Trainee: 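Here it is, the structure in full.
Basis for what follows: all heavy atoms, side chains included, without hydrogens, waters or symmetry-related copies. Only a predicted model underlies this, so the values are computations on that prediction, with no experimental measurement involved.
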Amino acid sequence: MPVPISEPAAGEPVAVVGLACRLPGAPDPAAFWRLLREGGDAVTAFPADRDGTDATPGGFLDRVDAFDADFFGISPREAAATDPQQRLVLELGWEALEDAAIRPDRLAGSRAGVFVGAIWDDYADLLRRHAAVTRHTMTGSHRGMIANRLSYALGLTGPSLTVDTAQSSGLVAVHLACESLRSGECELALAGGVNLILTARSTDLASARFGGLSPAGRCHTFDARADGFVRGEGGVVLALKPLRAALRDGDPVHCVIAGSAVNNDGATDGLTAPSPAAQRAVLRAAYGRAGVDPADVRYVELHGTGTRVGDPVEAAALGAVLGAGRPADAPLLVGSAKTNVGHLEGAAGAVGLLKAALSVEHGRIPASLHFTRPHPGIPLAELGLRVVGELTDWPRPDRRRVAGVSSFGMGGTNCHLVLTAAPAGAPAPAPAPDATGGPVLWPIGGRGAAGLRA
């Protein structure tokens, strides 16, 4: 059992102690950082092995059907009835704990929580159309079970929530996890988001007819060519602890979540029309709670979908709160991971958070792709903003690294997180082994002989 911790103080920073992801072209955080660093574009054609046909490109994973059910004590029959989103969160939760050097088998009974953003039910649709109902159908297809499945597998007794605030779900899930940690409701949290595109029907019904998809098949964030977003899939899970507890326990610290805020647009010109005032308000609230001067922020990972209406509103809010008063030669740098892997919708905020966390940790900011000329409604220089066009060293190396992450839901639920670098003296995450320097010890394991061979 983990060592009990004293009640955390209100507003206490939260340490990111573990990272895990499965993203297009990037099966783990190290691969994702390489993709970002090299300016990789992981958008491809719709996979031939999925349900239906779709001419719309997107960011897709390989083998979403692959799963070691025996590793998690799940029978083959139950695994077949279980949404791959549940299965992916099981894997990512385990991997985030491994990255944090926390043994999952020692967490049973602990006040650890699970908070997962997710908005789609593609597998439930497939089961309704193609499979017989079994005693595993309800638990396997119910979206609320995505978080509960991980809590059950690890024996965690803290809060267990699947969060749906539309496209801001993943970042809101992390915000809720931080609030739970600060209140003492849980002592460790696994938080993030998951999004899988298992049938072309969800693209047709929910996105194409809504009018949000880019005909060009790319996210042209803040660019004059912005004409919508391209869908993406995958998942991100972070292991979080109060910073005091992480330092006490000698945990590796990737970065620190200094503060966060959530609000809603309220009544606007339409249910999905963004509110400039609400976006300004959520930014001010997040930096106020973090105790961070907006002038100290060097980079913001945008919501940045590449839509004609949304991008100018986001840029204006950032300019008013963070860009104003900056010297012309030191603008606020901005970019979006959606240009690399597509818009992961319910998991998009978690992807943006992962990119920002890795950027803070490594002290470098990757390029935001597909940007050549600013959107006519985004006067970057006037707003004190600059889209990152190439891999860039972190500005002002003499100051602590501070970054922001934004995510907005189509119904107006806005979220912003404030990240800072790990404090001096905090244990650093173990570097990835350099395979070019000679033999590398690569341990592998499984629950049984078959799993080990696989």
Trainee: Would you call the rings of F229 and H343 parallel, tilted or perpendicular, taking 30° and 60° as the class edges?
Mentor: perpendicular
Trainee: Regarding R143 and D83, does a basic nitrogen lie under 4.0 Å from an acidic carboxylate oxygen?
Mentor: no
Trainee: Scan side-chain atoms only and decide if S160 and S151 contain a donor-acceptor pair under the 3.5 Å cut-off.
Mentor: yes
Trainee: Can you tell me if R231 and T203 form a side-chain donor-acceptor pair at under 3.5 Å?
Mentor: yes
Trainee: Are more than 12 heavy atoms from other residues, nucleotides or ligands located less than 6.0 Å from atom CG of D269?
Mentor: no
Trainee: Is there a donor-acceptor pair under 3.5 Å between the side chain of Q167 and the backbone N or O of H303?
Mentor: no
Trainee: If you draw the axis of the six-membered ring of W394, does the NZ or CZ of R400 fall within 45° of it and under 6.0 Å from the ring centre?
Mentor: no
Trainee: Salt bridge between R50 and E233, side-chain N to carboxylate O under 4.0 Å?
Mentor: yes
Trainee: Using 4.0 Å as the upper bound for N to carboxylate O, is an ion pair formed by D65 and R63?
Mentor: yes
Trainee: Main chain of G234, side chain of N195: is a donor-acceptor contact present, judged purely on distance under 3.5 Å?
Mentor: no
Trainee: Taking all heavy atoms of A42 and all of L35, pick out the closest pair and write down the distance.
Mentor: CB-CD2, 4.3 Å
Trainee: Check whether S168 reaches the backbone of V172 with its side chain - one donor and one acceptor, N or O, closer than 3.5 Å.
Mentor: no
Trainee: Less than 4.0 angstrom from a charged side-chain N to a carboxylate O is my criterion; do R373 and D223 meet it?
Mentor: no
Trainee: What pair of heavy atoms forms the shortest contact from G409 to A166, and how long is it?
Mentor: CA-CB, 4.1 Å
Trainee: Just by modelled atom types, is the H370 backbone N or O under 3.5 Å from a matching donor or acceptor in the H220 side chain?
Mentor: no
Trainee: Looking only at heavy atoms, which two atoms of V256 and A422 are closest? And how far apart?
Mentor: CG2-CA, 4.1 Å
Trainee: Using modelled atom types only, decide if a donor and an acceptor are shared between the side chain of T162 and the backbone of V116 within a distance under 3.5 Å.
Mentor: no
Trainee: Quick one: does R401's side chain have a donor or acceptor within less than 3.5 Å of a partner on T420's backbone?
Mentor: no
Trainee: Tell me, with the steps shown, if L171 and V405 meet side chain to side chain contact (heavy atoms under 4.5 Å, CB included).
Mentor: CA-CA 8 Å; L171 204 62; V405 186; 4.1 Å; yes
Trainee: Examine distances only and state if a side-chain atom of R289 and a backbone atom of S260 form a donor-acceptor pair shorter than 3.5 Å.
Mentor: yes
Trainee: Distance-only, no hydrogens or angles: does the R326 side chain make a donor-acceptor pair with backbone N or O of G384 under 3.5 Å?
Mentor: no
Trainee: For R129, I'd like to know if atom CZ has over 12 heavy atoms of other residues, nucleotides or ligands within 6.0 Å.
Mentor: yes
Trainee: What do the steps show when you test E95 against R22 for salt bridge (Lys or Arg N to Asp or Glu O under 4.0 Å), and what is the final call?
Mentor: CA-CA 10 Å; E95 291 170 15; R22 200 86 77 249; 3.0 Å; yes
Trainee: Please check if the side chain of T339 supplies one atom and the backbone of L369 the other of a donor-acceptor pair under 3.5 Å.
Mentor: yes
Trainee: Report the C-alpha distance between R399 and D296 in whole Å, list the side-chain angles of each, state the deciding distance to 0.1 Å, and finish with yes or no for side chain to side chain contact (heavy atoms under 4.5 Å, CB included).
Mentor: CA-CA 8 Å; R399 305 287 295 274; D296 291 337; 2.9 Å; yes
Trainee: Is it true that a side-chain atom of K355 and a backbone atom of E301 form a donor plus acceptor pair closer than 3.5 Å?
Mentor: no
Trainee: State the CG-CG distance between L243 and L240, to the nearest 0.5 angstrom.
Mentor: 12.0 Å
Trainee: How about NE2 on H362, more than 12 heavy atoms from neighbouring residues, nucleotides or ligands closer than 6.0 Å, or not?
Mentor: yes
Trainee: Nearest heavy-atom pair of V351 and F32: which atoms, and what distance?
Mentor: CG1-CZ, 4.0 Å
Trainee: Looking at R201 and D51, does any basic side-chain N land under 4.0 Å from a carboxylate oxygen?
Mentor: no
